Amino acid sequence: MELTGKTALVTGGTRGIGLAIAHTLNAHGARLVITGRDEETGRKALVELDAGADVALCVADATVRSDAERAVDTVVDRFGHLDIVVNNVGGATDFATVADISDETWHRTLALNLDTALYTTRHALRHLIRQESGRVINIASMEGRDPDPGLCAYAAAKHALVGLTRVLAKEVGPHGITANCVCPGAVETDWVVEQGPKAARVLGTDYAGLIRHFTGRTSTGRLNRPDEVAAVVLLLASHAGSGITGACIPVDGGATV
């Protein structure tokens with residue numbers, strides 16, 4: 001599944017799942033731009049990737065339309081074309097039930113998980129449609145298939161992202177472009193460690209109880225690893241995945257079986 005000659009944009013590519021995706025795509029020949037809001041974190045990611053001129057950083061906040069568009073333009077300006085868009089920006093930074101959620105939390109969560117994908121993809125399509133080829137890969141979540149209580153905004157956004165992806169697949173298929181979702185379950189990342197205690201409190205448990213909750217839903221009895229998510233992204237980005245579009249592929253250890 002070589003990607004030699006291909007270029008990619010990985011939003012939120014400076015840490016966690018996004019960084020694993022960047023590693024995998026670059027290891028298989030793609031040149032790429034990663035985005036993140038924090039320049040220091042981005043510079044550390046570039047050092048970790050150790051890919052020289054084949055990987056560039058664009059410091060951008062993808063919830064801002066102009067920043068999302070600038071990230072797309074950075075790929076084209078640096079490498080001459082764009083082939084693969086991975087909309088990885090997202091996350092649940094606040095946890096609340098439907099009865100308790102504030103307007104601010106609702107709109108912030110939807111902006112982070114849904115607006116980012118729209119802004120980036122819409123601008124990228126100018127290039128992908130013109131060249132009659134491309135891949136759009138959205139990182140959704142098992143919460144977009146089988147939601148947990150206390151994650152109403154995040155689950156709603158990820159459900160919407162799945163819907164957006166499926167509509168996109170129908171619209172751009174005639175142009176040689178595929179659009180798919182990858183839906184990770186709970187994954188071993190620094191985000192889980194940082195945000196897990198908040199989620200645990202909403203669920204009425206502690207961090208250890210939260211991990212038991214997630215692993216207890218799986219068939220494998222463990223959390224997934226970022227590289228396992230990245231492997232599915234690689235398939236969808238490659239020629240081997242050219243027959244897959246409109247799909248919502250779980251990488252959740254069987255949690256949604």
Side-chain angles (χ1 to χ4, degrees), residues 1-36 41-60 62 68-90 116-117 120-121 123-140 165 168-169 172 175-182 184 187 225-245 247 249 251:
M1 291 187 284
E2 284 302 305
L3 298 175
T4 301
K6 301 295 185 181
T7 65
L9 171 65
V10 181
T11 68
T14 61
R15 59 188 292 191
I17 292 172
L19 183 56
I21 292 169
H23 267 295
T24 298
L25 297 185
N26 182 247
H28 286 79
R31 297 174 296 169
L32 54 99
V33 170
I34 59 174
T35 76
T41 302
R43 295 297 175 191
K44 289 178 180 177
L46 290 180
V47 171
E48 184 174 332
L49 287 165
D50 191 27
D54 287 340
V55 179
L57 169 68
C58 178
V59 178
E69 293 177 351
R70 177 167 54 83
V72 171
D73 293 339
T74 298
V75 182
V76 177
D77 291 345
R78 186 176 182 97
F79 300 121
H81 59 102
L82 173 63
D83 301 296
I84 303 157
V85 178
V86 182
N87 289 305
N88 173 70
V89 167
T116 53
T120 302
T121 301
H123 196 61
L125 287 177
R126 299 181 182 184
H127 303 283
L128 303 184
I129 290 173
R130 185 183 306 121
Q131 68 196 24
E132 292 286 303
S133 66
R135 302 281 191 270
V136 178
I137 304 164
N138 294 325
I139 308 303
T165 305
L168 178 64
V172 299
H175 297 285
I177 302 165
T178 65
N180 293 285
C181 271
V182 180
V187 179
R225 302 187 309 271
D227 66 286
E228 293 172 323
V229 180
V232 177
V233 173
L234 173 63
L235 169 64
L236 296 173
S238 72
H239 179 72
S242 59
I244 305 170
T245 194
I249 302 175
V251 186

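Note that this is a predicted model, so its numbers are computed, not measured.
Atom CD in Q131 sits 7.5 Å away from atom NE2 in H81 (nearest 0.5 Å). Rounded to the nearest 0.5 angstrom, T7 OG1 and L25 CG are separated by 11.0 Å. Once rounded to the nearest 0.5 Å, the distance linking OG1 of T4 with CD of E2 reads 4.5 Å. Separation of atoms CG (L3) and CZ (R135) is listed at 9.5 Å; rounding is to 0.5 Å. Note: I177 CD1 to S133 OG = 7.0 Å, rounded to the nearest 0.5 Å. Note that the CG atom of L32 and the CZ atom of R78 stand 10.0 Å from one another [nearest 0.5 Å].
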Test log, rule side chain to side chain contact (heavy atoms under 4.5 Å, CB included), inputs T178 and V136: CA-CA 6 Å; T178 65; V136 178; over 6 Å; no

Intermediate values then yes/no, side chain to side chain donor-acceptor pair (under 3.5 Å), T165 and N138: CA-CA 7 Å; T165 305; N138 294 325; 2.8 Å; yes

N26 vs H28, side chain to side chain donor-acceptor pair (under 3.5 Å): CA-CA, chis, key distance, verdict: CA-CA 5 Å; N26 182 247; H28 286 79; over 6 Å; no

Full working for side chain to side chain contact (heavy atoms under 4.5 Å, CB included) between H123 and D73: CA-CA 9 Å; H123 196 61; D73 293 339; 2.9 Å; yes

Residue pair V229, V182: steps toward the side chain to side chain contact (heavy atoms under 4.5 Å, CB included) verdict: CA-CA 8 Å; V229 180; V182 180; 3.9 Å; yes

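Scanning both residues, A45 and L19, for their nearest heavy atoms gives CB-CD1, 3.9 Å. In terms of heavy-atom proximity, P226 sits nearest to A20 at CB-CB, 3.6 Å. Across all non-hydrogen atoms, the minimal contact from T24 to A230 is OG1-CB, 3.3 Å. The two residues L128 and G134 have their closest heavy-atom pair at CD2-CA, 4.1 Å.
Checked against V72 for a side chain to side chain contact (heavy atoms under 4.5 Å, CB included), the options L125, T121, D77, L82 give a single hit: L82. Of the candidates I34, N87, T35, L9 forms a side chain to side chain contact (heavy atoms under 4.5 Å, CB included) with just one, namely T35.
Distance alone, capped at 3.5 Å, is enough to place a donor-acceptor pair between the N180 side chain and the A247 backbone. For T245 (side chain) and A179 (main-chain N/O), a donor-acceptor pair under 3.5 Å exists by modelled atom type.
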Less than 3.5 Å apart, which donor and acceptor atoms pair up between the side chains of residues 48-60 and the rest of the protein, not counting sequence neighbours?
residue, atom, partner, partner atom, Å
E48, OE2, H23, NE2, 3.3

Considering only distance and modelled atom types, tabulate donor-acceptor pairs under 3.5 Å from the side chains of residues 237-244, sequence neighbours left out.
residue, atom, partner, partner atom, Å
S238, OG, L234, O, 3.4
S238, OG, L235, O, 2.9
S238, OG, A240, N, 3.2
S242, OG, H239, O, 2.9

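Using a 4.5 Å heavy-atom cutoff, the side chains of R225 and V187 are not in contact.
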